[in-house]
Amino acid sequence: MKHKFKEGFYWGTAISALQTEGTHSDDGKADSTFDVWFKDEPERFFGGEGNGIAVDFYHMYKDDIKLMKELNHNSFRFSIAWSRLIPNGDGVLNEKAVEFYNGVIDELLANGIEPFICLFHFDMPWIMQEKGGWESLEVVNYFAEYAGIAFKLFGDRVKKWFTHNEPIVPIEGCYLYGFHYPKINDFRRGIKATYYTILSNAKAVKKFRELRERGVLSKDSTIGAILSMSPVYPRDENDVEDVKAAKICELFFTNSFLDPMVKGAFNKELLKLLKTHNLLLDFYTEEELTIIKENTIDFLGFNYYFPRRVKSKDIRSEGEVNNPEYFFDHYELPERLFNKDRGWEIYPKGVYDLLMLLKDEYSNIPVYISENGIGRHNGDQEDTDENGYINDDARIEFVKGHLNWLWEAQESGSNICGYHMWSLMDNWSMSNAFKNKYGFLYVDRENGLKRSIKKSGHWIAKVSENNGF
Ligand code: BG6
């Protein structure tokens, strides 16, 4: 076998609460921004479908865990819905939520699957949004309190924790490009929310460490964050302006979160750029900067879907900077391989380039791929045979290509320790609803949400069993 992964390599998949659990508000869950947004503007969601019962992981998790076992998972990432666990936001627990998450954790462990828990995957409780969401220091403190509660409730059994999933996405969606509620287009507010999200990470990490030191959490528990990462490539690496454009893009989309979370300090070049454009806000305190400095993450998860290709501006920007694209244009590689259903370029080597960046510039922090995957719409339909079996060879090729580069990175000294695919099963997503299907499991929404394993699921089961391919 050529591609053998190191012992203890984590194999599995990821899901999030909002996208799979279903709301089930009769069990005490309060609204998140997505619940409220859907009530206001259902037309913003593909097919006019809200998350509703999603794929009802809330009731079907035991059977889903049986299927994970069939896929030979040794680990699994899911998220807690803050608005389910603490509906009023004030520390009073929803016992049904505690029961549900305990059930999931215990069932995973009973099946030899290690739970990885993420605290925030896009689903801001409405009550927190009303206090200002990530623009509010009060919400930052509530988040740290929620984190502490979750650590105490579940940390006796869960050893792998994450504060945020792709924290840049709510910034892009809520404050820059308007694809998540409250759909604001205001760079300065986005920068403020970025800073407070970073502070919320550090405060949760601080709480985690205190509890670990006091022996409330086991000594080998670790905490990380999950970033959405794309390598940035200039159109022409011999063109100074293109290279400069790519560098700026990287400052905004990579260094913005990675540097403070891993190195404990904001990137100096990014700060300089913001200052030059009068975007550097001055509401932070020295005490907060110290918290950020002293509470960096133990390990990193990153989600990789596509690379970013960038060129210098065709038309020079003028006036106020209102988003990062003030500084660069996106560029499509004419000969690129891409997923027609989603429009995203497929570039497996990107994963290697990112892992080498982490090795060389971020002290080779322990890292694992926390999402990677291919969202198919017509593709999965076209690959379905007369018995309803999905022969998704394209997904297998996609995963194989990325695993190949992951293995190359391992051989080149990367501290890579696992691979979670997005996703266990087809699920609902923020505004794309049920359009893009990412699962190893197909979910038959016409037939009681019945799950069945796709060809790619059978394939990955073998890879996981053999710890390579
Ligand atoms: C990832 C998110 O970035 O993209 C997931 O972490 C999401 O939550 C996935 O489902 C796919 O998104 P989409 O829009 O293609 O369904």
Side-chain angles (χ1 to χ4, degrees), residues 12-22 32-34 37-38 44-47 49-52 54-55 57 76-82 116-124 162-174 176-181 197 224-231 253-254 257 300-308 338-346 350-351 354 368-380 392 394-395 398-399 402 419-443 445:
T13 50
I15 61 165
S16 81
L18 174 68
Q19 301 179 256
T20 58
E21 284 179 7
S32 75
T33 45
F34 283 94
W37 186 23
F38 178 70
R44 290 290 297 257
F45 296 77
F46 182 77
E49 290 199 87
N51 70 325
V55 288
F57 183 68
F76 177 64
R77 170 166 76 99
F78 62 101
S79 74
I80 294 177
W82 184 0
F116 286 33
I117 290 190
C118 180
L119 293 169
F120 189 84
H121 194 126
F122 305 162
D123 48 349
M124 177 66 80
F162 295 101
T163 54
H164 288 266
N165 173 76
E166 298 190 346
I168 203 165
V169 169
I171 304 301
E172 293 174 272
C174 304
L176 299 182
Y177 312 113
F179 60 83
H180 281 187
Y181 190 85
T197 307
I226 288 167
L227 299 184
S228 132
M229 286 185 42
S230 294
F253 289 99
T254 305
F257 282 93
L300 178 74
F302 77 76
N303 299 349
Y304 173 62
Y305 287 93
F306 53 82
R308 285 181 193 274
F338 76 107
N339 168 13
K340 291 189 207 65
D341 289 354
R342 190 64 178 84
W344 288 344
E345 180 177 344
I346 299 176
V351 88
L354 287 170
Y368 98 112
I369 307 302
S370 36
E371 280 180 36
N372 174 232
I374 178 164
R376 303 183 79 217
H377 179 49
N378 298 324
D380 267 9
D392 53 343
R395 184 167 288 109
F398 180 95
V399 179
H402 287 79
Y419 182 71
H420 281 179
M421 270 287 286
W422 188 265
S423 178
L424 174 65
M425 55 199 156
D426 297 340
N427 58 49
W428 184 87
S429 94
M430 290 63 52
S431 79
N432 281 324
F434 292 101
K435 183 176 183 204
N436 306 317
K437 295 170 175 48
Y438 285 85
F440 284 134
L441 305 178
Y442 166 68
V443 178
R445 296 182 61 233

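Every number for a ligand or one of its atoms is a count from 1 in the order of the listing.
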Review point. Is the closest side-chain heavy-atom distance between Y304 and M229 below 4.5 Å?
Key: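 Y304 vs M229: side chains apart.
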Check your understanding: Looking at side-chain heavy atoms only, is the closest gap between F257 and T197 below 4.5 Å?
Key ->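 They are in contact (side-chain heavy atoms under 4.5 Å apart), so the answer is yes.
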Taking only heavy atoms of [X], which atoms of ligand 1 are found under 4.0 Å from at least one of them?
| X | value |
| --- | --- |
| N165 | 6 (O) |
| Q19 | 5 (C), 7 (C), 8 (O), 10 (O) |
| S429 | 10 (O), 13 (P), 14 (O), 16 (O) |
| N432 | 13 (P), 14 (O) |

**Study point:** Any N or O of W344 closer than 3.5 Å to N or O of ligand 1
**Key:**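 In this structure, W344 places no N or O atom under 3.5 Å from an N or O of ligand 1.
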Point to revise | H121 N/O to ligand 1 N/O under 3.5 Å | key: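 Yes: some nitrogen or oxygen of H121 is under 3.5 Å from one in ligand 1.
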Practice item. Compute both the distance and the angle, then confirm whether R308 meets the cation-pi test with F253: under 6.0 Å from the six-membered ring centre, within 45 degrees of the axis. Key: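 Yes, R308 lies over the aromatic ring of F253.
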Check your understanding: Do the numbers put R376 on top of the ring of Y438, so that NZ or CZ is under 6.0 Å from the six-membered ring centre and no more than 45° off the axis?
Key ->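 Because its charged atom misses either the 6.0 Å distance or the 45° angle limit, R376 does not stack over Y438.
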Is a side-chain donor-acceptor pair under 3.5 Å present for [Y] with [X]?
| X | Y | result |
| --- | --- | --- |
| N165 | H121 | yes |
| S370 | N303 | yes |
| N436 | D426 | no |

Check your understanding: Of the backbone atoms (N, CA, C, O) and the side-chain heavy atoms from C-beta on, which set of V169 has a member under 4.0 Å from an atom of ligand 1: side chain, backbone, both, or neither?
Key ->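 Neither; no heavy atom under 4.0 Å.
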**Study point:** Closest protein heavy atom to atom 12 (O) of ligand 1, given as residue, atom name and distance to 0.1 Å
**Key:**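 Ranked first by proximity to atom 12 (O) of ligand 1 is Y438 OH, 3.8 Å.
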Review point. Nearest protein heavy-atom contact for atom 2 (C) of ligand 1: which residue, which atom, what distance?
Key: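 Going atom by atom, the protein heavy atom closest to atom 2 (C) of ligand 1 ends up being E371 OE1, 3.4 Å.
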Review point. Are M430 and ligand 1 in contact, using a heavy-atom cut-off of under 4.0 Å?
Key: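 The answer is yes, since M430 has a heavy atom less than 4.0 Å from ligand 1.
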